[in-house]
Amino acid sequence: MASNQKLRDLEWLLQAFETESLNLHNISFYLSQPVSGCYQETENSMAINISSDCLEYFSLILIVLGPAKTSLLSLRNLEFHCVEWELEQVQNLGELLDSNLNIKQLVFMRNRFSEDCLSEFSDILKRNGAIKEVMFCESHIGTVGAIFLASALKVNESLEELQIWEDSIGSRGAEELSKMIEANSMLKLLTIFDSSSITATPLISAVLARNRGMEVHVWSGESGDKSSKVVEFTPQNTTLRIYKIDVSGACRVACALGMNSTVSSFDMTGVRLKSRWAKEFRWVLEQNRSLKEVTLSKTCLKDKGIVYVAAGLFKNRHLERLHLDGNWFSGVGLEHLLCPLSRFSALQCQANITVRSVTFGGSRTKIGRSGFAAILHMLTTNETLTRLAIVDDQSMRPDDFFRIFKSLEKNASLRCLSLQGCKGVRGERLLQAIMETLQINPWIEDIDLARTPLHNTGKADAIYHRLGQNGKPETEPENDLLKDMPLTEPKCCRVFFCGQEYAGKATLCNSISQNFSSPKLPYIEQVRTLVNPVEQAVRTVGMKIKTFKDEDTKISIWNLAGQHEFYSLHDLMFPGHGSASFFLIISSLFRKPSNREPKTPMEIEEDLQYWLRFIVSNSKRAVQQCMLPNVAVVLTHYDKVNQTSQNLEATVNSIQKLRDKFNGYVDFYPTVFTVDARSSASVSKLTHHIRKTSKTVLQRVPRVYQLCNDLIQILSDWRSENYNKPAMKWKEFAELCQVKVPPLRIRSRRDNKEKIETRRRAVATCLHHIGEVIYFDELGFLILDCEWFCGEVLSQLIKLEVRRQSSAESGFISRKELEKILRASLQSQIPGMGSKVFENLEANDLIKMMMKLELCYEQDPSDPNSLLLIPSILEEGRGKPQKWQLGGADCLYAGRHLQCDDSSHMFLTPGFFPRLQARFFPLSFTCRFMLLFRT
């Protein structure tokens with residue numbers, strides 16, 4: 001090494017140090033050399049060779065360097081090669097380091113230290129506050145040296161890097177260094193190259209447990225094998241990689257990871273693990289808040305170990321990526337693994353919503369039927385996973401992958417799907433399914449089919465081309481968002497049966513249904529078949545809806561409840577926005593069906609006039625009135641009337657007067673139908689009138705979106721496939737549109753999503769106006785079964801006995817208390833019976849619907865915990881009209897008299913009273929306004 005350099009003798013070197021003629025940054029000592037001398041490697045670096053017969057010069061040079069000299073203030077690094085240290089020499093080194101605090105690095109290559117020398121060096125480190133780096137390479141410091149270094153570094157606050165190469169510090173030395181790590185927060189780099197990998201466990205465990213920002217590298221070369229890395233931790237990228245460790249060591253590391261906050265990526269690829277470790281790691285997943293990525297590939301984990309990992313995912317709220325490919329688990333383990341990433345009912349929350357990427361598979365992973373079913377269920381219900389990788393699978397067939405891609409049609413979260421090396425990815429049928437899925441689902445950005453038969457035969461190119469198209473923006477012009485949606489004549493008409501209780505509306509509806517159910521006319525029954533026999537025998541309670549099919553026209557009969565407590569709901573059911581509908585006002589000729597006491601013509605006139613005014617009042621407030629309301633009168637129990645009865649003639653005359661009075665307000669059908677509601681023959685003319693009028697009305701009302709007619713059948717099919725669910729969330733409606741309705745489909749990831757959402761809302765609103773669904777923009781769900789909602793939800797809300805179940809005063813109640821009452825009142829106490837409201841709606845959804853329909857009000861809308869007012873539960877006026885509460889002579893009342901401008905044809909409907917009262921109640925708790933309403 002010195003042959004090409006100018007070699008000077010050591011005397012010259014000592015003289016140069018004394019005269020301060022050298023300006024050095026680095027000095028390297030090489031002992032046991034054949035020839036003594038020195039030479040400058042660079043302008044600032046000096047190499048000093050000392051032969052075995054000139055060892056005294058080594059001590060002299062250290063002594064000369066000791067006193068502070070101006071020329072040596074720039075000295076930074078000292079290297080010692082092949083030095084067999086004596087105690088006096090170590091002391092000289094200590095004096096040098098004490099006098100020159102600019103020295104930052106010490107390197108010992110193939111040195112030898114006695115125990116006394118190591119003790120002295122330990123004392124030097126304890127008192128030195130300048131040295132930043134110390135490295136021992138093949139210096140055989142062993143366990144003793146590690147113990148002395150650990151003792152020194154517990155005190156030292158300047159050293160930042162410690163490296164021990166080609167040595168064996170033993171398990172005890174490693175334990176002592178781990179204790180040092182617990183006390184020392186200044187060390188930034190620890191590198192150990194040991195003959196045994198066991199030294200890594202205590203070191204890395206201490207770093208993790210104390211959250212040290214220390215870079216750690218541990219290497220080993222056991223039994224003469226080629227050196228290999230054991231542990232690597234780099235705090236700069238917060239990654240911990242373990243290459244080799246035994247099970248007990250892995251468990252210790254797992255314990256240290258529990259409360260660690262410095263590791264975000266944990267990789268144990270290739271380390272053989274057992275369920276014992278997985279049991280500890282479950283606790284890590286439950287407690288740790290910094291881990292974002294965990295890689296456990298090729299770790300030989302079996303079902304039991306995977307079950308522990310899955311259990312940890314239930315409580316984990318921070319992990320984002322999990323890699324488990326190359327393990328030995330079966331479908332049982334996979335079923336448990338995907339359980340926290342799936343939902344098992346519409347109202348259940350997904351247990352883990354942070355994991356975004358999952359990888360599994362391999363030649364020894366046996367997915368099986370149970371695992372495949374778990375994959376399908378997870379893809380159908382998961383709302384957060386963006387990447388799924390099933391790699392090198394040998395067990396699933398082409399039909400299984402076909403079903404996987406079909407399930408992705410409704411998945412809006414997955415962005416990347418990797419099926420690398422899966423043998424079952426083959427065949428034209430699967431290729432077609434993938435292309436169809438990409439046509440429906442534009443959110444998939446990448447499908448990796450490398451090493452699959454489909455890719456190897458070149459058939460995957462069409463898939464990649466389609467993926468590129470899905471990433472391009474739509475080129476269609478952004479004109480009016482709804483202008484290009486075609487319109488058509490509606491095919492659904494509603495008939496409203498209005499009348500007081502005991503008028504025979506339900507019986508009449510049943511007789512009409514028999515006429516519709518002739519062989520030529522198919523009958524569709526959408527009413528619940530489970531009806532209380534006692535209720536059926538006495539009277540119909542609540543609103544009922546029956547639907548019939550007349551050629552291509554759908555006719556639904558809405559039987560409005562005749563009981564007084566339901567009057568406030570009638571406004572909600574009134575058609576608006578030019579929807580196809582007409583009215584039959586039904587009145588009995590007798591006071592009660594059980595006797596033959598006839599009604600007077602005046603009583604019948606009052607019945608009819610109430611409903612006529614109700615129809616006119618609501619028609620006036622309808623947003624779009626394209627035609628006058630069509631009204632026909634039906635008189636029931638005609639079979640009990642004496643044909644020569646003067647009352648009947650007087651009744652007909654009074655109806656004629658009403659026709660004249662309401663001329664210009666309603667389209668009054670000239671014929672009065674007199675029927676025996678029990679006889680289908682008696683109501684045949686009325687049935688013909690309903691059919692004819694339905695077609696006439698459908699021709700006269702405004703056209704609707706063509707998609708509405710299409711969606712009616714699509715929604716019906718969806719209900720059939722989903723256990724006849726009466727409600728669906730907006731997300732489910734959007735998925736249905738994406739899969740089944742091409743004009744409402746998002747075709748590209750860069751498509752105008754707001755435009756499509758606007759179209760979907762417009763169609764849902766149109767369905768609401770024609771009476772097919774109940775939908776409001778803000779609520780986030782659609783009611784598909786209007787009868788279920790009106791009859792089993794709203795009608796039950798009207799009859800809530802809040803005073804008996806809570807401490808509500810003056811109609812006010814807290815949101816939580818109302819939710820509790822709703823659950824108690826609407827949930828069936830008999831398993832398998834009842835409406836099962838809360839299997840389809842949450843209590844909070846129900847309250848939002850009540851507020852939207854103005855059945856419920858917030859006292860202070862700006863306060864999320866505001867009290868709620870339900871006017872229908874107020875004590876005064878429940879089931880009877882409002883009136884003055886007269887007291888003694890000393891009482892003085894003040895009030896306002898409200899009436900319509902045209903009070904002869906209109907009135908303030910019963911639904912108006914609680915709304916007005918709600919406006920007054922928030923004004924004051926102490927002041928109560930009594931209103932006298934004149935109808």
Side-chain angles (χ1 to χ4, degrees), residues 29 31-32 55 58-59 62 78-98 105-128 131 133-184 186-187 189-207 214 216-224 227 230-231 249:
F29 292 91
L31 273 66
S32 302
L55 292 178
F58 179 53
S59 298
L62 292 177
L78 294 177
E79 291 187 15
F80 301 94
H81 297 258
C82 304
V83 178
E84 294 186 8
W85 288 90
E86 297 178 358
L87 181 60
E88 183 179 357
Q89 294 169 341
V90 176
Q91 291 172 344
N92 292 335
L93 175 62
E95 292 174 0
L96 167 60
L97 296 176
D98 292 341
Q105 183 184 56
L106 296 177
V107 178
F108 300 95
M109 304 286 289
R110 295 184 297 278
N111 284 229
R112 294 295 181 270
F113 295 89
S114 66
E115 186 172 338
D116 290 338
C117 291
L118 289 172
S119 176
E120 180 64 26
F121 186 73
S122 173
D123 293 337
I124 293 172
L125 288 180
K126 287 180 181 178
R127 65 176 182 264
N128 186 281
I131 296 178
E133 302 176 30
V134 174
M135 185 176 81
F136 295 91
C137 182
E138 299 181 66
S139 295
H140 298 280
I141 65 171
T143 300
V144 175
I147 293 173
F148 280 121
L149 286 174
S151 174
L153 294 183
K154 287 179 182 178
V155 179
N156 183 284
E157 296 182 351
S158 64
L159 193 69
E160 295 181 354
E161 295 184 16
L162 173 63
Q163 300 184 52
I164 303 176
W165 289 84
E166 301 288 348
D167 207 336
S168 179
I169 63 175
S171 60
R172 186 186 172 193
E175 293 291 350
E176 291 298 322
L177 285 177
S178 71
K179 295 176 183 177
M180 174 273 295
I181 292 171
E182 293 179 2
N184 187 311
M186 298 303 297
L187 203 61
L189 173 64
L190 177 63
T191 302
I192 305 290
F193 194 130
D194 202 278
S195 60
S196 174
S197 61
I198 197 173
T199 57
T201 299
L203 298 176
I204 193 62
S205 297
V207 171
M214 180 191 304
V216 179
H217 301 272
V218 180
W219 298 71
S220 74
E222 294 179 316
S223 303
S227 61
V230 179
V231 170

[X] to [Y] - nearest heavy-atom pair and separation:
| X | Y | result |
| --- | --- | --- |
| L187 | L162 | CD1-N, 4.1 Å |
| A206 | E182 | CB-CG, 4.3 Å |
| A146 | L177 | O-CD2, 3.9 Å |
| T143 | G173 | CG2-N, 3.7 Å |
| L149 | L125 | CD2-CD1, 3.8 Å |
| T199 | G170 | CG2-O, 3.7 Å |

I need the [X] [atom1] to [Y] [atom2] distance, nearest 0.5 Å.
| X | Y | atom1 | atom2 | value |
| --- | --- | --- | --- | --- |
| S122 | E115 | OG | CD | 11.5 Å |
| L118 | L87 | CG | CG | 11.0 Å |
| E86 | Q91 | CD | CD | 11.0 Å |
| C137 | E166 | SG | CD | 6.0 Å |
| E84 | S139 | CD | OG | 11.5 Å |
| N111 | F80 | CG | CZ | 8.0 Å |

How about [X] and [Y]: do any of their side-chain heavy atoms sit closer than 4.5 Å?
| X | Y | result |
| --- | --- | --- |
| L106 | L97 | yes |
| N156 | I131 | no |
| V207 | L203 | no |
| D116 | E120 | no |
| L96 | L78 | yes |
| H217 | Q163 | no |
| F108 | V83 | no |
| S151 | K126 | yes |

Worksheet item: Looking just at side-chain N and O atoms, do S220 and S197 make a donor-acceptor pair shorter than 3.5 Å?
Response: no

Ignoring hydrogens and angles, tell me if any N or O in the side chain of [X] forms a donor-acceptor pair with the backbone of [Y] under 3.5 Å.
| X | Y | value |
| --- | --- | --- |
| D194 | I169 | yes |
| D167 | W165 | no |
| S205 | P202 | no |

Worksheet item: Per the side chain to side chain contact (heavy atoms under 4.5 Å, CB included) rule, which among T191, V134, L190, I141 passes with I164?
Response: I141

Worksheet item: Under 30°, 30 to 60°, or over 60°: which ring-plane class applies to F29 and F58, parallel, tilted or perpendicular?
Response: perpendicular

Discussion item. Do the side chains of K179 and E176 get close enough for a salt bridge, i.e. N-O under 4.0 angstrom?
Written reply: yes

Worksheet item: Given Q105, which of E161, E79, E133 fulfils the side chain to side chain donor-acceptor pair (under 3.5 Å) condition?
Response: E133

Worksheet entry | Sub-6.0 Å ring centroid separation between W85 and F121 | no

Worksheet item: If you draw a 6.0 Å radius around CZ in R172, do more than 12 non-hydrogen atoms from other residues or ligands fall strictly inside?
Response: no

